[in-house]
Amino acid sequence: MKQIINDLIAQALCALQQASQIPADLKIDIQVTPAKDASQGDFASNVALTLARTAGMAPRALAAAIVERLPADASVARVEVAGPGFINFFVTSGTSQAVLQRIREQGDRFGASEIGLGQKIQVEFVSANPTGPLHVGHGRGAALGATIANLLAFVGFEVQKEYYVNDAGRQMHILGTSVWLRYLELCGETVVFPGNGYQGDYIWDIAATLHRQNGERLRRSVEQVFSEVTADAPAGDKEKHIDDLIANAQKLLGTDDYRTVFDLATTTLVDVIRVDLEAFGVVFDRWFSERSLADEGLIEQAITRLQNNGHLYREGGALWFRSTAFGDEKDRVVKRDNGQTTYFASDIAYHMNKFDRGFDKVINIWGADHHGYIARVKASLNALGYQPDDLEIQLVQFANLFENGEKVSMSTRSGEFVTLRQLREDVGLDAARFFYVMRKAEQHMDFDLDLAREQSSDNPVYYLQYAHARICSVQRQCAEKGIVSDLENVQPARLDNAHEQALIKQLSLFPERVEVAALRREPHQVVNYLRELANLFHSWYNAHQFIVDDAELRDARITLALATGQVLRNGLGLMGVSAPDKM
RNA sequence: GCGCUCGUAGCUCAGAUGGAUAGAGUGUUGGCCUCCGAAGCCAAAGGUCGUGGGUUCGACUCCCGCCGAGCGCGCCA
């Protein structure tokens with residue numbers, strides 16, 4: 001419908017140009033938006049206002065001229081010039097009611113489109129270090145990423161969801177060593193656990209597995225393990241302390257056995273994370289290992305390419321990438337003076353690999369604390385000859401958890417945090433998913449645990465689910481009363497009151513809102529849309545009886561109710577929230 | 001100090017590319033169930049859009065300064 005109006009205006013402007021009433025070289029940009037108020041019709045355009053200056057006409061006069069030249073169209077009932085020069089379009093009721101038939105035909109696919117057809121897009125999200133179970137801080141990225149991926153797939157993109165597993169690097173060595181120390185304790189050694197080690201209970205679980213699988217084979221004496229180790233804080237240096245312990249572990253266990261411990265810790269935690277995410281309704285297409293980048297020589301390959309392109313230089317024994325040449329605020333080290341490549345080097349190789357896999361667009365969903373990396377990663381893509389704009393970083397602000405009106409504080413290292421699993425078991429999957437995507441990603445968000453937990457009208461997710469359950473209930477009522485509806489030959493013209501008109505219009509706007517939400521990566525748009533939809537439905541429900549004696553009217557109303565239920569299902573489905581038949 | 005993300009009703013938040021009277025939920029106040037689910041509906045009250053300038057027919061939106069919040073500024077990952 002929007003497109004039709006757009007075309008009509010374009011034709012009118014064209015006619016005006018031919019009549020030389022407006023300049024022929026006028027740059028035309030037509031905007032048509034759904035009207036915000038029924039008194040302003042169904043759609044409105046501000047062309048007359050935007051064009052007024054360059055056309056050299058007063059906005060209202062231009063609007064009138066456009067309206068005069070507007071070709072007739074069966075779907076447009078009436079056109080008005082209003083306010084400072086808006087053109088309001090009133091659509092014929094038959095036209096808007098056609099959406100009911102479309103919803104019936106398309107069902108679960110209503111709202112889907114093909115605007116992304118033929119384009120491969122990757123969404124990488126969560127990608128938390130596998131050093132512990134996911135906590136509530138990861139939940140927002142998980143919910144947003146999954147919903148954005150659903151939206152993109154719904155509008156036709158070929159979407160791949162990826163999790164980047166940071167299975168290399170110091171944090172993982174700390175993890176492995178933490179497990180081994182707990183294992184030694186299980187063997188009967190008395191260990192003073194490092195303050196910087198991972199202290200969560202899950203470390204004990206992995207250590208127990210290690211003990212079960214290897215017996216005492218990996219046991220070493222505490223004297224050996226702690227020999228020549230820098231003292232721990234507060235007297236010593238907690239960083240050096242843990243690094244020394246790692247070095248001793250590698251020396252005492254040897255390459256293969258150290259790897260056994262390390263790999264057990266990693267794979268166990270990746271499994272824990274995967275299971276947690278699946279229970280959260282988030283399934284990844286690929287788990288990409290950071291270690292594989294080095295194993296397959298991709299890091300060296302990336303560095304070589306940068307070198308060949310003349311973007312590297314050596315200074316102080318290290319190899320630097322001149323990222324400042326591409327807008328970064330300082331140059332970055334890719335290979336340290338000890339020969340080890342940096343995390344950033346892995347990142348370069350990883351992103352190079354992403355684009356080499358043929359994605360037209362790559363979306364990274366990052367926590368806001370990583371914003372400092374945007375410039376350097378884009379700089380590296382630039383230097384490698386890729387289009388940096390094809391990488392899109394969606395930052396997600398932290399969600400503060402509130403309980404009893406107080407902020408819940410957390411720390412991964414100390415093992416004091418609310419896990420994603422606990423949250424889900426506490427407030428339920430639907431409320432958890434819904435709350436995370438309710439606000440736009442850039443907005444700092446307060447997650448009210450008490451509210452999410454509440455099974456009452458205060459909880460916004462129930463408002464939508466209740467509307468759906470009510471619709472299903474109407475169906476049940478019909479069945480109980482033995483009413484059989486003829487939905488093939490409904491008379492939508494019978495839906496003529498203001499509530500019904502408003503509801504029908506809202507239903508017709510769903511595809512557009514989905515499109516906007518997908519293209520702008522803004523799931524909260526769907527939430528807001530569904531809230532409006534549910535509100536219109538509830539109002540209608542309260543004002544009118546559906547199951548009436550007049551069969552024709554009854555069928556028409558049931559058709560509208562079912563269409564509303566369908567759209568609620570489709571919208572909630574995109575967010576991974578269920579649409580219950582009863583509650 | 002520099003950079004990023006923000007600042008909208010008592011509280012939690014919507015308001016894309018500048019457009020009509022700045023909206024919702026919650027809370028407060030007052031109404032609505034002999035009727036398909038009251039986890040609902042209707043109404044009222046509630047705002048110098050952090051602040052001071054600027055750009056123009058028009059600014060919550062764009063530009064500059066200031067105030068406040070969160071987060072970043074390693075040869076860590």
Side-chain angles (χ1 to χ4, degrees), chain A residues 29 31 33 35-37 39-40 44 46 49-50 52-53 58-59 82-86 88 129 131 166 168-174 239 290 315-320 329-330 332-338 340-344 346-347 367-375 395-398 400 402 405 438-448 451 454-463 465-467 469-478 480-481 483 516 519-520 522 524-525 527-528 531-532 534-535 537-548 554 557-558 561 582-583:
Chain A
D29 175 32
Q31 295 171 34
T33 52
K36 20 175 112 164
D37 191 282
S39 68
Q40 295 173 2
N46 63 350
L49 286 101
T50 56
R53 193 174 323 157
F86 289 97
N88 294 336
N129 285 351
T131 52
N166 295 115
R170 181 164 171 265
Q171 293 305 324
M172 297 307 296
H173 287 290
I174 295 177
E239 302 295 345
E290 178 187 354
E315 187 181 299
L319 199 56
W320 295 72
E329 52 192 20
K330 56 173 293 190
R332 311 288 172 180
V333 171
V334 290
K335 191 181 276 190
R336 297 194 266 162
D337 57 3
N338 66 8
Q340 286 197 323
T341 55
T342 60
Y343 177 83
F344 177 47
S346 297
D347 248 1
D369 55 337
H370 283 76
H371 64 75
Y373 299 87
I374 298 174
L395 290 180
V396 180
Q397 292 293 334
F398 296 123
N400 290 319
F402 277 79
M438 207 163 55
R439 311 305 186 194
K440 74 171 167 212
E442 302 85 3
Q443 181 67 250
H444 299 269
M445 176 183 121
D446 287 346
F447 192 121
D448 187 335
L451 182 59
E454 194 145 348
Q455 306 221 357
S456 78
S457 56
D458 293 347
N459 193 332
V461 69
Y462 290 108
Y463 184 72
Q465 293 183 320
Y466 181 57
R470 261 185 158 176
I471 291 164
C472 294
S473 175
V474 170
Q475 281 183 279
R476 284 194 294 273
Q477 284 290 327
C478 284
E480 278 174 29
K481 291 179 179 169
I483 294 170
V516 168
L519 296 181
R520 284 163 57 184
E522 293 184 344
H524 75 278
Q525 300 268 1
V527 173
N528 292 338
R531 213 200 299 251
E532 292 159 20
N535 180 29
F537 173 79
H538 285 309
S539 296
W540 176 47
Y541 184 95
N542 267 52
H544 302 279
Q545 192 79 14
F546 298 176
I547 302 175
V548 292
R554 185 180 63 222
R557 286 184 171 166
I558 286 170
K582 58 176 80 164
M583 48 195 290

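Below, read A as the first sequence line, B as the second, and so on, with proteins coming before strands; counting in each chain starts at 1.
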Across the strands shown, which category fits [X] at heavy-atom distances under 4.0 angstrom: base, sugar-phosphate, nothing?
X	result
A318(A)	base
R170(A)	sugar-phosphate
A168(A)	sugar-phosphate
A467(A)	nothing
N129(A)	sugar-phosphate
G316(A)	base
N166(A)	nothing
H173(A)	nothing
M583(A)	base
E315(A)	base
K335(A)	nothing

Are the side chains of [X] and [Y] in touch, meaning some heavy atoms are under 4.5 Å apart?
X	Y	answer
F546(A)	Q477(A)	no
R476(A)	K582(A)	yes
E442(A)	L395(A)	no

Could you classify C33(B) for me, syn or anti, using a glycosidic angle within 90° of 0 as syn?
-> syn
Are OP1 or OP2 of [N] and a side-chain N or O of [X] less than 4.0 angstrom apart?
X	N	value
Y462(A)	U26(B)	no
H524(A)	G15(B)	yes
N46(A)	A20(B)	no
Q477(A)	G37(B)	yes
T342(A)	G74(B)	no
R531(A)	A14(B)	no
Q525(A)	G15(B)	yes
K481(A)	C35(B)	no

Closest to the [X] side chain: [options]?
X	options	answer
Y466(A)	C73(B), C13(B), A38(B)	A38(B)
Y373(A)	G37(B), C76(B), C36(B)	C76(B)
N88(A)	A20(B), G15(B), C4(B)	A20(B)
S473(A)	G72(B), G37(B), A20(B)	G37(B)
K440(A)	G15(B), A77(B), C4(B)	G15(B)
Q171(A)	A77(B), G74(B), C4(B)	A77(B)
N528(A)	A14(B), C6(B), G37(B)	A14(B)
L395(A)	C36(B), G3(B), C4(B)	C4(B)
H371(A)	C41(B), G72(B), A14(B)	G72(B)
Q397(A)	U5(B), C73(B), C36(B)	U5(B)

On RNA chain B, check which nucleotide each of A441(A) and H538(A) is closest to and give me the residue with the more 5' one.
-> A441(A)
Which atom of V548(A) lies closest to which atom of R554(A), heavy atoms considered | O-NH1, 3.0 Å
Heavy-atom pair of closest approach, residues W540(A) and R557(A) = CH2-O, 3.4 Å
For RNA chain B, what are the stems built from at least three Watson-Crick or G-U pairs in a row, each pair having both distances below 3.5 Å?
-> B:1-7 with B:67-73, B:10-13 with B:23-26, B:28-32 with B:40-44, B:50-54 with B:62-66
Which value, in whole Å, describes the distance between the P atoms of nucleotides A44(B) and G72(B)?
-> 46 Å
Y373(A) and H370(A) aromatic ring geometry - parallel, tilted or perpendicular at 30°/60° bounds = tilted
